[in-house]
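In each ligand, atom 1 is the first atom listed, and ligand 1 is the first ligand listed. Residue numbers run from 1 in the order of the sequence given. Just so you know, these numbers use all the heavy atoms, side chains as well, and skip hydrogens, waters and symmetry mates.
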Amino acid sequence: MGYLGTIGSFGDVAAEDDDAVLSYFLKTEAVDRIESGDCYAVIGRKGSGKTALTKYFSQPRKEYVTTAPSLRDYPWNLHARRKNIGASEIESYVSAWRYLIAVKAISVILEQRSMSTMTDSQRAAREFLNENYGGIVPSLSDILSPPRWRVGKTIFSPQAFGVAVGSIEFESENGSISPEIDTLTNILLRTAVTIANQAGLKKVCIHFDELDQGLSQLDESRKQMIIGLILAIRSIRGRKEGDIIYPVCYVRTDIWDELRFSDKNKVSQSSAVYLEWDQNSLLEMVDERIRVKLGKGFSWNDIEDEALMRGSQSKWSHIVSRTFMRPRDVIQFLNFATQKALKELPDADGFDNNDIQAAREPYSRYLKQELDDEIGPHWAKWGDALQACSELATITFTREAFSSAVTKSVFSRVCQRLQG
Ligand SMILES: Nc1ncnc2c1ncn2[C@@H]1O[C@H](COP(=O)(O)OP(=O)(O)OP(=O)(O)O)[C@@H](O)[C@H]1O
Ligand SMILES: [Mg+2]
């Protein structure tokens with residue numbers, strides 16, 4: 001079998017579907033910045049490597065516990081009800097997220113570090129989770145679901161709440177989340193730090209990815225909930241407990257751009273890392289995959305015939321200039337090129353210009369779909385504008401020419417629908 005047959009595929013285009021991703025994971029600068037606690041917001045376009053990072057950070061470590069709970073089936077509608085009506089719109093979801101992070105923190109410590117001798121704080125934390133969630137590892141979807149908390153009086157002193165009862169309603173009478181949640185959260189955070197110290201843990205990391213799952217439209221309420229998570233993380237990181245409890249959120253660039261809150265610029269400047277790639281880092285990412293599949297001494301140069309493409313462009317430049325500098329685009333392009341090459345010559349060792357050329361058509365279809373996911377939630381009819389650009393077929397055009405091309409495209413879409 002030739003080199004390309006041995007490679008077979010450059011990997012799945014979504015990190016969550018690629019079981020081998022950690023075997024060829026490239027440690028970029030972002031890894032160190034997240035690990036050092038330098039930043040808590042990771043911002044990147046679709047396919048730039050957010051999920052790959054959370055997979056990397058989900059690996060068990062000796063000195064700390066880490067988890068990347070899935071937000072795939074997260075009940076956003078339930079979360080929307082856990083609003084603090086007394087707070088400003090922007091702050092209204094902060095309390096619910098802080099509580100969720102605190103619960104997740106104690107849960108992950110107890111789950112990943114079973115303790116032989118139980119201290120009072122460990123017993124308290126365990127009892128709180130068992131009483132409210134029927135176990136010590138509630139799913140993310142369950143954390144905000146109980147209508148009330150049961151707070152054992154031997155555990156969290158009821159005086160802390162100014163009441164001598166064993167349970168507190170999640171919702172107050174006006175439908176708002178109960179103001180007592182903040183007191184409870186502070187107690188839980190302190191408990192998390194105590195039990196982390198007792199277990200000899202330096203950090204408790206919680207990575208929130210896939211905030212955009214199932215998002216066909218970015219409405220105000222979802223925006224506020226995402227802002228709420230960022231502010232909740234910031235508030236925890238800004239406290240003493242933030243030295244140990246490290247929540248991090250991963251946000252798609254297009255969504256981040258739509259969020260409005262007063263300290264956004266501050267967060268962008270000092271606490272965010274942007275996932276950006278260039279020709280060289282993308283090549284390193286591909287070389288790493290080639291090395292894992294073919295052997296240590298191999299790299300990109302060994303799997304292409306070095307003939308230049310039209311315009312004296314190297315194959316690599318030709319490929320990369322058709323991507324948005326995102327690993328997913330490059331991997332998808334190479335997978336299509338591999339399929340084409342193997343179809344032509346089952347024992348091919350490398351790509352020729354025809355393979356790269358032939359990959360462009362299926363790659364374009366992929367890219368359109370990828371952009372649909374990114375642009376659709378903000379601009380449902382962006383396809384008309386794309387169609388108009390295609391009609392105009394020039395890089396520069398007047399506003400009038402564009403308007404009339406859009407009108408034509410809308411008209412033809414409506415006609416097609418009527419005919420259909
Ligand atoms: N550091 C890396 N090392 C190796 N491969 C990477 C790295 N970062 C990303 N990739 C690869 O790039 C592709 C896209 O990455 P990933 O699925 O993590 O993107 P994403 O930012 O989560 O996208 P989306 O917003 O659509 O969820 C995957 O195939 C992944 O394996
Ligand atoms: Mg992802």
A.B. asks: Do any nitrogen or oxygen atoms of K46 lie less than 3.5 angstrom from nitrogen or oxygen atoms of ligand 1?
C.D. replies: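 Yes, since at least one N or O of K46 sits under 3.5 Å from an N or O of ligand 1.
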A.B. asks: Just say parallel, tilted or perpendicular for the rings of Y99 and F128, cut-offs at 30° and 60°.
C.D. replies: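 Perpendicular, since the angle between the ring planes exceeds 60°.
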A.B. asks: So, does W277 sit close enough to ligand 1 that a heavy atom of it is under 4.0 Å from the ligand?
C.D. replies: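 A heavy atom of W277 does come that close to ligand 1.
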A.B. asks: Taking atom 11 (C) of ligand 1 as the point of reference, which of R289, M285, E284 owns the nearest heavy atom?
C.D. replies: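 The option holding the nearest heavy atom is R289.
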A.B. asks: Among all the protein's non-hydrogen atoms, which is closest to atom 19 (O) of ligand 1, and how far away is it?
C.D. replies: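 Residue, atom and distance for the closest contact: G49 N, 3.2 Å.
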A.B. asks: If we only consider heavy atoms of G11, is any one of them less than 4.0 Å away from an atom in ligand 1?
C.D. replies: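 No, G11 has no heavy atom closer than 4.0 Å to ligand 1.
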A.B. asks: Check whether any side-chain N or O of R82 sits under 3.5 Å from a backbone N or O of L144 as a donor-acceptor pair, and report yes or no.
C.D. replies: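 Side chain of R82 to backbone of L144, a donor-acceptor pair under 3.5 Å: yes, one is there.
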A.B. asks: Report the protein N/O/S neighbours of the Mg ion (ligand 2) that fall below 2.8 Å; do not count waters.
C.D. replies: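 As for protein N, O or S atoms lying under 2.8 Å from the Mg ion (ligand 2), they are T51 OG1.
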A.B. asks: What protein heavy atom is closest to atom 17 (O) of ligand 1, reported as residue, atom name and distance in Å?
C.D. replies: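 Answer, as residue, atom name and distance: A15 N, 2.8 Å.
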A.B. asks: Where is the nearest protein heavy atom to atom 23 (O) of ligand 1: which residue, which atom, and how far?
C.D. replies: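 Protein heavy atom at minimum distance: G47 N, 2.8 Å.
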A.B. asks: Do any nitrogen or oxygen atoms of I331 come within less than 3.5 Å of a nitrogen or oxygen of ligand 1?
C.D. replies: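 No: no nitrogen or oxygen of I331 is under 3.5 Å from one in ligand 1.
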A.B. asks: Ignoring hydrogens, just give me the one of I255, L26, V21 whose non-hydrogen atom is nearest atom 3 (N) of ligand 1.
C.D. replies: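 Of the listed residues, L26 has the closest heavy atom.
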A.B. asks: Where do H79 and Y93 land on the side chain to side chain donor-acceptor pair (under 3.5 Å) test, with the steps shown first?
C.D. replies: CA-CA 8 Å; H79 197 121; Y93 291 110; over 6 Å; no
A.B. asks: Apply the side chain to side chain contact (heavy atoms under 4.5 Å, CB included) test between V248 and each candidate in T66, I34, T54; give the one that qualifies.
C.D. replies: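 So, applying the side chain to side chain contact (heavy atoms under 4.5 Å, CB included) to V248 and each of T66, I34, T54, only I34 qualifies.
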A.B. asks: Can you tell me if CG on D19 sees more than 12 non-hydrogen neighbours from other groups inside 6.0 Å?
C.D. replies: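 Open: at most 12 neighbouring heavy atoms sit under 6.0 Å from CG of D19.
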A.B. asks: Check for me whether G44 has a heavy atom closer than 4.0 Å to any atom of ligand 1.
C.D. replies: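 No; G44 lies far enough from ligand 1 that no heavy-atom distance drops under 4.0 Å.
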A.B. asks: Using a 6.0 Å cut-off, check whether atom CD of E29 has over 12 heavy atoms from anything other than its own residue.
C.D. replies: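 Counting other residues, nucleotides and ligands, CD of E29 stays at 12 neighbours or fewer.
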A.B. asks: Run through E374, E370, E276 and flag the one making a side chain to side chain donor-acceptor pair (under 3.5 Å) with R45.
C.D. replies: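 Running side chain to side chain donor-acceptor pair (under 3.5 Å) over E374, E370, E276 with R45 returns exactly one hit, E374.
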A.B. asks: Just verifying a value: how many Å separate S92 OG and N84 CG, rounded to the nearest 0.5 Å?
C.D. replies: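 Result: 7.5 Å between the selected atoms.
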A.B. asks: Which atoms of ligand 1 are found less than 4.0 Å from any heavy atom of A14?
C.D. replies: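 Counting from 1, the qualifying ligand atoms are 17 (O).
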A.B. asks: Salt-bridge test for D212 and R252: reply yes if a basic N is under 4.0 Å from a carboxylate O, no otherwise.
C.D. replies: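 Salt bridge between D212 and R252, a charged N being under 4.0 Å from a carboxylate O: yes.
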A.B. asks: Give the residue, atom name and distance (to 0.1 Å) of the protein heavy atom nearest atom 12 (O) of ligand 1.
C.D. replies: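 Answer, as residue, atom name and distance: P327 CB, 3.2 Å.
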A.B. asks: Within the structure, does F25 bring an N/O atom to less than 3.5 angstrom of an N/O atom in ligand 1?
C.D. replies: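 In this structure, F25 places no N or O atom under 3.5 Å from an N or O of ligand 1.
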A.B. asks: Polar contacts were defined as any N/O atom of the residue lying under 3.5 Å from an N/O atom of the ligand; does this apply to R328 and ligand 1?
C.D. replies: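 So ligand 1 has an N or O lying under 3.5 Å from an N or O of R328.
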A.B. asks: How about F333 and F10: are their ring centres within less than 6.0 Å of each other?
C.D. replies: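 No - the distance between ring centres of F333 and F10 does not fall below the 6.0 Å cut-off.
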A.B. asks: Set out, in order, the CA-CA distance, both residues' side-chain angles and the distance that settles salt bridge (Lys or Arg N to Asp or Glu O under 4.0 Å) for E306 and K315, then state yes or no.
C.D. replies: CA-CA 8 Å; E306 294 185 10; K315 285 188 189 49; over 6 Å; no
A.B. asks: Is it the case that the side chain of S390 and the backbone of L386 share a donor-acceptor pair, with hydrogens and angles ignored and the cut-off at 3.5 Å?
C.D. replies: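 Not confirmed, S390 side chain does not pair with L386 backbone.
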A.B. asks: Is D12 in polar range of ligand 1, meaning some N or O pair under 3.5 Å apart?
C.D. replies: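 Yes, at least one N or O pair falls under 3.5 Å.
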A.B. asks: If you look only at pairs with a residue in residues 12-31, which of them pass as a ring pair (Phe, Tyr, Trp, His ring centres under 6.0 Å), with sequence neighbours excluded?
C.D. replies: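 Those involving residues 12-31 are F25-Y56.
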A.B. asks: Is it true that atom CZ of F411 has more than 12 heavy atoms of other residues, nucleotides or ligands lying nearer than 6.0 Å?
C.D. replies: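 Atom CZ in F411 is not packed in, count stays at 12 or less.
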A.B. asks: Below 4.0 angstrom, N of the basic side chain to O of the carboxylate: do D329 and R322 qualify?
C.D. replies: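 Looking at R322 together with D329, the answer is no, because their closest N to O distance does not fall below 4.0 Å.
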A.B. asks: Mind checking whether Y366 and Y363 have parallel, tilted or perpendicular rings, split at 30° and 60°?
C.D. replies: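 Tilted, since the angle between the ring planes falls between 30° and 60°.
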A.B. asks: Return yes or no for this condition: an N or O of T51 is under 3.5 Å from an N or O of ligand 1.
C.D. replies: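 Yes, there is a polar N/O contact under 3.5 Å.
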A.B. asks: So is there a nitrogen or oxygen of K50 less than 3.5 Å from a nitrogen or oxygen in ligand 1?
C.D. replies: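 N/O-N/O distance under 3.5 Å: yes.
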A.B. asks: For ligand 1, which is the ligand I care about here, please tell me if A52 has any N or O atom under 3.5 Å from one of the ligand's N or O atoms.
C.D. replies: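 Looking only at distances, the answer is yes, because the N/O contact criterion of under 3.5 Å is met.
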A.B. asks: Please determine whether any non-hydrogen atom of R45 lies less than 4.0 Å from an atom of ligand 1.
C.D. replies: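 In this structure, R45 qualifies as a contact of ligand 1 - some heavy atom is under 4.0 Å.
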A.B. asks: Test of understanding: given a 4.0 Å heavy-atom threshold, classify the contact between Y56 and ligand 1 as side chain, backbone, both, or neither.
C.D. replies: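 The answer is neither.
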A.B. asks: Taking only heavy atoms of R252 into account, list the atoms of ligand 1 that are under 4.0 Å away from them.
C.D. replies: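 In order of numbering, the contacting atoms are 25 (O).
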A.B. asks: How about E258: does its CD atom have over 12 heavy atoms from other parts shown lying under 6.0 Å from it?
C.D. replies: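 Atom CD in E258 is packed in, count exceeds 12.
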A.B. asks: Can you list the atoms of ligand 1 that are under 4.0 Å from a heavy atom of Y24?
C.D. replies: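 So the atoms of ligand 1 that pass are 4 (C).
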A.B. asks: Among all protein heavy atoms in this structure, tell me which lies nearest to atom 28 (C) of ligand 1, with the distance rounded to 0.1 Å.
C.D. replies: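 Looking only at protein heavy atoms, the one closest to atom 28 (C) of ligand 1 is V13 O, 3.5 Å.
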